[in-house]
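Before any comments, here is the structure.
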Amino acid sequence: MSYRYKQPKPSEITPESIYKRRRELLKAAGFGATLLPLSPSLMADSEEGPQGSAIKASKSPLSSDLEPNSWNDITTYNNFYEFGTGKGDPARNAHTLQAKPWTVTVSGEVDEPGQISLEDVMSTFPMEERIYRLRCVEAWSMVVPWVGFPLAELIKRFKPNSRAKYVAFKTLYDPQQMPGQRRAVLPWPYVEGLRLDEAMHPLTILATGIYGRELPNQNGAPLRLVVPWKYGFKSIKSIVSIELTEEQPPTSWNLAIPSEYGFYANVNPEVDHPRWSQASERVIGSGFSLFGNRRETDPFNGYAEQVASMYKGMDLSRHF
Ligand code: MTE
């Protein structure tokens with residue numbers, strides 16, 4: 001795979017320059033005005049680029065060298081059921097979320113339980129850019145230049161004890177701010193979980209931004225999980241609670257439809273969803289999506305070499 005553990009390119013690519021370069025390439029390729037109304041992704045490129053407060057971040061050696069999707073793709077095609085079930089709903093509705101001030105509670109099997117504010121997070125942990133492919137369980141994918149830091153760094157600070165085996169995450173529950181929580185489309189609040197070794201893996205990050213800017217609300221402001229070898233639904237947004245547990249914690253999609261969504265949710269082209277294939281994925285915003293641009297899905301979303309050993313001896317068709 002071309003996007004595993006690549007060293008950063010010598011030329012530091014800033015978010016805006018990626019964006020501008022892509023527009024120039026499209027122009028140079030001669031995509032004229034007549035094509036624009038036909039392709040949503042080309043229209044997206046004519047809109048404004050990254051917005052919001054900047055975050056200082058260094059380029060991580062664990063970043064891929066994939067070409068990121070546009071700011072517009074990443075911030076207008078979302079899953080965030082707290083703001084509606086349509087892909088465009090979060091961008092339209094998430095303005096009611098108050099992402100500042102924000103506090104995350106860390107509890108459970110830790111020697112030093114406590115809280116950490118967003119300000120503390122931003123000043124304590126050095127932020128990195130991590131470009132990862134986000135592979136959604138609905139068989140589409142896009143590439144996101146996250147800003148974040150290893151979840152392991154935060155967990156270590158609260159000193160897990162020897163009983164800690166899993167990590168349970170919880171999204172904010174506040175139907176005033178998250179009107180989608182008034183409808184029973186999922187059990188609220190959204191909850192997710194990882195095994196402790198998955199949570200401590202260097203590829204697992206807490207993201208605070210995209211394209212060098214603070215996370216827009218629709219992407220899970222101010223703090224969300226990103227686990228690049230798992231389906232996107234594991235990457236829980238707007239986290240208020242992290243609890244270390246001895247038992248495997250419940251997860252929202254597994255609670256809702258256990259026959260379709262398991263606890264592990266590792267990207268696996270060989271295990272189909274009961275209602276559709278996972279062998280390939282639709283590439284969002286590739287410019288030719290009208291013609292059905294697809295790619296073959298990689299085992300563990302391209303990170304088999306780094307993570308497959310964690311599941312040795314497990315039947316992954318049973319632990320899907
Ligand atoms: N987190 C919460 N709280 N609520 C959600 O509905 N959707 C998940 C995940 N995290 C979701 C969530 C799903 S299905 C996906 S694919 C990703 O967020 C989408 O992240 P994105 O909108 O930043 O692409």
Side-chain angles (χ1 to χ4, degrees), residues 44 52 68-94 96-97 99 102 104 130-148 168-175 177-194 204-211 213-242 250-257 260-262 265 267 273 276 278 281-285 297 301:
N69 275 79
S70 70
W71 172 266
N72 196 68
D73 286 343
I74 295 167
T75 61
T76 62
Y77 191 89
N78 300 101
N79 276 335
F80 201 171
Y81 278 21
E82 285 85 339
F83 297 102
T85 53
K87 298 286 179 264
D89 291 342
R92 258 193 307 276
N93 302 331
T96 52
L97 171 65
W102 195 268
V104 180
R130 294 275 185 101
I131 301 174
Y132 287 154
R133 189 191 304 280
L134 180 115
R135 172 54 159 86
C136 186
V137 72
E138 299 160 307
W140 52 262
S141 69
M142 60 170 91
V143 177
V144 183
W146 301 108
V147 172
F169 303 87
K170 214 179 273 179
T171 294
L172 174 71
Y173 178 71
D174 183 346
Q177 294 186 51
M178 296 181 150
Q181 291 175 333
R182 293 182 197 139
R183 294 173 52 209
V185 285
L186 278 177
W188 306 115
Y190 198 100
V191 289
E192 255 308 335
L194 294 173
T204 303
I205 59 167
L206 284 173
T208 57
I210 287 170
Y211 265 118
R213 310 297 180 111
E214 286 177 356
L215 277 178
N217 286 356
Q218 60 266 38
N219 292 89
L223 193 77
R224 55 95 52 92
L225 184 67
V226 181
V227 193
W229 69 93
K230 293 180 180 282
Y231 293 119
F233 70 85
K234 296 298 282 183
S235 293
I236 179 173
K237 296 176 167 180
S238 306
I239 296 167
V240 292
S241 159
I242 298 177
T251 64
S252 280
W253 279 102
N254 180 252
L255 287 171
I257 321 179
E260 299 190 2
Y261 306 102
V267 174
H273 184 278
W276 58 82
Q278 295 291 17
E281 61 208 48
R282 186 165 57 91
V283 178
I284 302 293
T297 290
N301 203 22

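For ligands, and for the atoms within them, numbers begin at 1 and follow the listed sequence.
Heavy atoms from other residues, nucleotides or ligands lying under 6.0 Å from CZ of Arg183 number 12 at most.
Classification of the Phe80-Phe83 ring pair by plane angle, with boundaries at 30° and 60°, yields perpendicular. In this pair, Tyr77 and Trp140 present their aromatic rings perpendicular. The plane angle is above 60°, beyond the 30 to 60° band.
A donor-acceptor pair under 3.5 Å links the side-chain atoms of Lys234 to the main chain of Gly193, judged by distance alone. Of the possible donor and acceptor atoms, none in the side chain of Trp71 sits under 3.5 Å from a partner among the backbone N and O of Ile210.
Ordered by chain and residue number, the residues placing a heavy atom less than 4.0 Å from ligand 1 are Asn78, Asn79, Phe80, Tyr81, Glu82, Leu134, Cys136, Thr171, Tyr190, Asn219, Arg224, Gly232, Phe233, Ser235, Ile236, Lys237.
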For a quick test of your reading: what N or O donor-acceptor pairs under 3.5 Å do the side chains of residues 217-229 make, sequence neighbours left out?
{"residue": "Asn217", "atom": "ND2", "partner": "Ala94", "partner atom": "O", "Å": "2.8"}
{"residue": "Asn217", "atom": "ND2", "partner": "Leu97", "partner atom": "O", "Å": "3.2"}
{"residue": "Gln218", "atom": "NE2", "partner": "Thr75", "partner atom": "O", "Å": "2.8"}
{"residue": "Asn219", "atom": "ND2", "partner": "Ile74", "partner atom": "O", "Å": "3.0"}
{"residue": "Arg224", "atom": "NH1", "partner": "Asn219", "partner atom": "O", "Å": "2.8"}
{"residue": "Arg224", "atom": "NH2", "partner": "Ser235", "partner atom": "O", "Å": "3.3"}
{"residue": "Trp229", "atom": "NE1", "partner": "Asn266", "partner atom": "OD1", "Å": "3.2"}
{"residue": "Trp229", "atom": "NE1", "partner": "Tyr311", "partner atom": "OH", "Å": "2.9"}

